[in-house]
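To start, the structure under review is shown below, and the notes come after it.
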Amino acid sequence: LEARRKEIEHEKLAAELNFLKAQINPHFLFNTLNNLYYLAYSKSENTAEVVAKLSQMMRYMIYDSNHPNVLLSKEIEYMQNYISLERLRLNDQIPIKFEVIGNAENLRITPLIFITFLENAFKHGVSNSNPKAWVNVTIQLQDKQCVYTVENSLVEKPESSEKSGIGLQNVKRRLDLSYPNQYKLITENKKDVYLVQLTLTLS
């Protein structure tokens, strides 16, 4: 009876995680397609590169992210592709730093945990019209401890704090389900800098 109860709880957990993840994926796809449309419309020579990166991202979202956890290196590759698309969209006019410190080999993570914070950094911290805009992303690894830090300039107030709040609630709920008592999330909203730092114990 106890074994069956645990099995039912596991099924409920998996169903809720899949529901939360499904809320994320279409949003990123929509944004990426908008970027692709912009490049195609402007007849950019980078259009083919964007299509290739979008294909890699879709493969990850459709196949790899269906598993409870994935290799951290796959999650990092997904983030690198996302940043590459943003660099292309912004014509490399905005300083974007992405750094991995430590060895990600053989570490596993719940898929698509990091991306919401990264997307928000570009959504609320980057503008082509602001030469002072910037984004810094760091993943520090030591054994199974992971510290993920995203810092960005604040060029304007979020257009929809409601949407931002929903995204943050989604991530927190996924963290509660996937890493109970195994994570620490810090957010700091300063005058012109926004910081997010997520500490996780990985498997």
Side-chain angles (χ1 to χ4, degrees), residues 13 16-17 19-32 61 65 69-70 72 75-76 78-83 85-87 89-90 94-102 104 107-128 130 132-203:
L13 174 63
E16 184 164 359
L17 282 171
F19 173 73
L20 290 170
K21 190 178 66 179
Q23 291 179 304
I24 296 174
N25 289 354
H27 185 54
F28 294 129
L29 176 60
F30 178 76
N31 284 345
T32 304
M61 292 167 65
S65 68
N69 56 68
V70 297
L72 178 59
E75 183 81 358
I76 290 173
Y78 179 80
M79 295 168 66
Q80 288 172 328
N81 283 332
Y82 181 90
I83 290 172
L85 292 178
E86 289 293 337
R87 282 197 174 108
R89 181 177 67 86
L90 297 165
I94 304 300
I96 302 169
K97 178 182 177 183
F98 182 81
E99 184 177 15
V100 179
I101 303 171
L107 291 175
R108 304 188 73 86
I109 189 172
T110 298
L112 303 175
I113 282 288
F114 289 161
I115 193 66
T116 296
F117 303 116
L118 181 60
E119 188 198 39
N120 281 342
F122 284 98
K123 184 177 180 182
H124 303 309
V126 171
S127 170
N128 266 329
N130 189 331
K132 295 183 179 180
W134 54 270
V135 175
N136 290 339
V137 183
T138 305
I139 297 175
Q140 293 179 285
L141 303 166
Q142 185 172 7
D143 297 326
K144 292 188 177 182
Q145 192 82 352
C146 174
V147 180
Y148 173 56
T149 306
V150 181
E151 292 180 285
N152 59 270
S153 55
L154 281 177
V155 297
E156 60 183 11
K157 294 293 183 181
E159 294 179 4
S160 174
S161 57
E162 181 180 354
K163 285 186 178 180
S164 299
I166 291 173
L168 187 58
Q169 290 172 14
N170 187 315
V171 174
K172 286 182 177 178
R173 181 56 179 161
R174 294 185 70 217
L175 286 167
D176 288 337
L177 291 170
S178 300
Y179 297 96
N181 302 315
Q182 290 182 305
Y183 80 91
K184 180 180 180 181
L185 179 62
I186 298 172
T187 61
E188 292 184 8
N189 194 348
K190 302 177 183 178
K191 181 180 179 181
D192 55 0
V193 176
Y194 187 75
L195 176 144
V196 175
Q197 187 171 83
L198 174 62
T199 303
L200 284 177
T201 300
L202 302 178
S203 58

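- In terms of modelled atom types and a separation under 3.5 Å, the side chain of Arg174 and the main chain of Leu112 share a donor-acceptor contact.
- Put simply, CD1 on Ile113 and CD on Glu75 are 8.0 Å apart, with the number rounded to the nearest 0.5 Å.
- Asn152 has its side chain out of reach of Asn120: every pair of non-hydrogen atoms, C-beta onward, lies at least 4.5 Å apart.
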Evaluation steps, side chain to side chain contact (heavy atoms under 4.5 Å, CB included), between Ile83 and Ile96 | CA-CA 8 Å; Ile83 290 172; Ile96 302 169; 3.7 Å; yes

Could you walk me through whether Asn189 and Leu154 pass the side chain to side chain contact (heavy atoms under 4.5 Å, CB included) test, one step at a time?
-> CA-CA 9 Å; Asn189 194 348; Leu154 281 177; 3.2 Å; yes

Just list the side-chain donor-acceptor pairs under 3.5 Å for residues 133-148, sequence neighbours left out, or say none.
residue : atom : partner : partner atom : Å
Tyr148  : OH   : Phe114  : O            : 3.0

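- When all heavy atoms are compared, the tightest approach of Lys97 to Arg87 is N-NH2, 4.5 Å.
- Contact check for Lys132 versus Asp192: no side-chain heavy atoms found under the 4.5 Å cut-off.
- Note that CG of Leu175 is 6.0 Å distant from CG of Leu200, once rounded to the nearest 0.5 Å.
- Remark: Leu72 CG to Met79 CE distance equals 9.0 Å, nearest 0.5 Å.
- When every heavy atom of Tyr183 is checked against every heavy atom of Lys172, the shortest pair comes out as OH-O, 3.9 Å.
- Tyr78 places no side-chain N or O within donor-acceptor distance of the main-chain N or O of Met61, the cut-off being under 3.5 Å.
- With contacts defined as side-chain heavy-atom distances shorter than 4.5 Å, the pair Phe122/Val150 does not qualify.
- Between atom CD of residue Gln197 and atom CG of residue Leu185 there is a gap of 9.5 Å, rounded to the nearest 0.5 Å.
- Taking CD1 of Ile109 as the reference point, atom OG of Ser203 lies at 8.5 Å (rounded to 0.5 Å).
- In this structure, the side chains of Val171 and Leu198 stay at 4.5 Å or more apart for every pair of heavy atoms.
- Rounding to the nearest 0.5 angstrom, the gap separating the OG1 atom in Thr116 from the CD atom in Glu119 is 7.0 Å.
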